[in-house]
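Below is one structure, written out as C-alpha cells; the observations come after it.
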Amino acid sequence: MSSSKLPWVDCYIGIGGNLGDSVALFQQAISSLEKVESIKVIKVSSYYRSSPMGPQDQDNYLNAVIKVSTCLPPLLLLEECQAIEQVCGRVRKAERWGPRTLDLDLLLYDNKGFDHPRLKVPHYGLLERNFVIYPLLELAPNIRLPDGRKVSELTQHLSDQGLWKLDR
C-alpha cells in the first residue's frame, strides 16, 4: 500500500540539540520536514533552553516540539527524521545523552501506542522530560496519552526548574 493512501494523522516530534548553531539547525530541520511530501508542519512551539539530562559537562540544550500531520507510518516517519538529523550533522555515538547537533524524537503518533525494537511511542522518556512536556502543552493543552492520561496533569509532578522559555 502506498503511503499516500494511509490516513493523515497528527504527530508530535521533539527537537533538541546543543552543538553548533541550534537555532539555525532547528530552522533547517523544520524546513526539511516541510519539504517531505508526506509531512505537513502544522505548528512549532516556543524554543526552550534546558539543562542537560546526562553528563553535566556539556552546554545547555535548545528544545521545542513540532506538530505535524503525516500519512507515513511510524517507522517511515522515524526514517525521515533520522535522515534529517544526518543532513544536519548528527553523529550517533554509543554515549547516551551526550552532546549532539540535532535530535528529532517521535513523541506521539495519532494518540496510539507503538512498540517496535527501533521505536517506542509514546516516547519512552516523555513523562519525565520537562523540556518535552511544557512545549507539548503549549501546542496541545488538552492532549491525552494513549492510556487516557491528560498531558497537562503531568506538570503537577514535573518541575519547570532548569527550563527557560525563549523569545523568538
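Residues take their numbers from the sequence shown, with the count starting at 1.
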According to side-chain hydrogen bond (donor to acceptor under 3.5 Å, both in side chains), who are the partners of [X], at least two apart in sequence or on a separate chain?
X      : result
Lys112 : Asp110
Asn111 : none
Ser32  : none

Less than 3.5 Å apart, which donor and acceptor atoms pair up between the side chains of residues 20-29 and the rest of the protein, not counting sequence neighbours?
residue : atom : partner : partner atom : Å
Asp21   : OD1  : Val23   : N            : 3.4
Asp21   : OD1  : Ala24   : N            : 3.2
Ser22   : OG   : Gly17   : O            : 3.4

Test Leu108 against every option in Val9, Ile13, Leu126 by the side chain to side chain contact (heavy atoms under 4.5 Å, CB included) rule and name the one that passes.
-> Leu126

When Leu33 is tested against each of Thr70, Val41, Val44 for side chain to side chain contact (heavy atoms under 4.5 Å, CB included), which residue passes?
-> Val41

Do any pairs count as a side chain to side chain donor-acceptor pair (under 3.5 Å) and have a residue in residues 134-144, sequence neighbours left out, and if so which ones?
-> Ser46-Glu138, Tyr48-Glu138

Could you list the residues that satisfy salt bridge (charged side-chain N to carboxylate O under 4.0 Å, His left out) with [X], not counting sequence neighbours?
X      : answer
Arg149 : Asp147
Glu79  : Arg118
Asp10  : Lys67
Asp59  : none

Kindly give the heavy-atom pair with the smallest separation between Tyr109 and Val121, and that separation in Å.
-> N-CG1, 3.5 Å

Measure the shortest side-chain to side-chain distance between Cys11 and Leu77 over non-hydrogen atoms and say whether it is less than 4.5 angstrom.
-> yes

Can you give each donor-acceptor pair under 3.5 Å made by side-chain atoms of residues 155-166, sequence neighbours left out, with the distance rounded to 0.1 Å?
residue : atom : partner : partner atom : Å
Thr155  : OG1  : Ser152  : O            : 2.8
Ser159  : OG   : Gln161  : N            : 2.8

Using the six-membered ring of Tyr61, assess whether NZ or CZ of Arg100 lies under 6.0 Å from its centre and within 45 degrees of the ring axis.
-> no

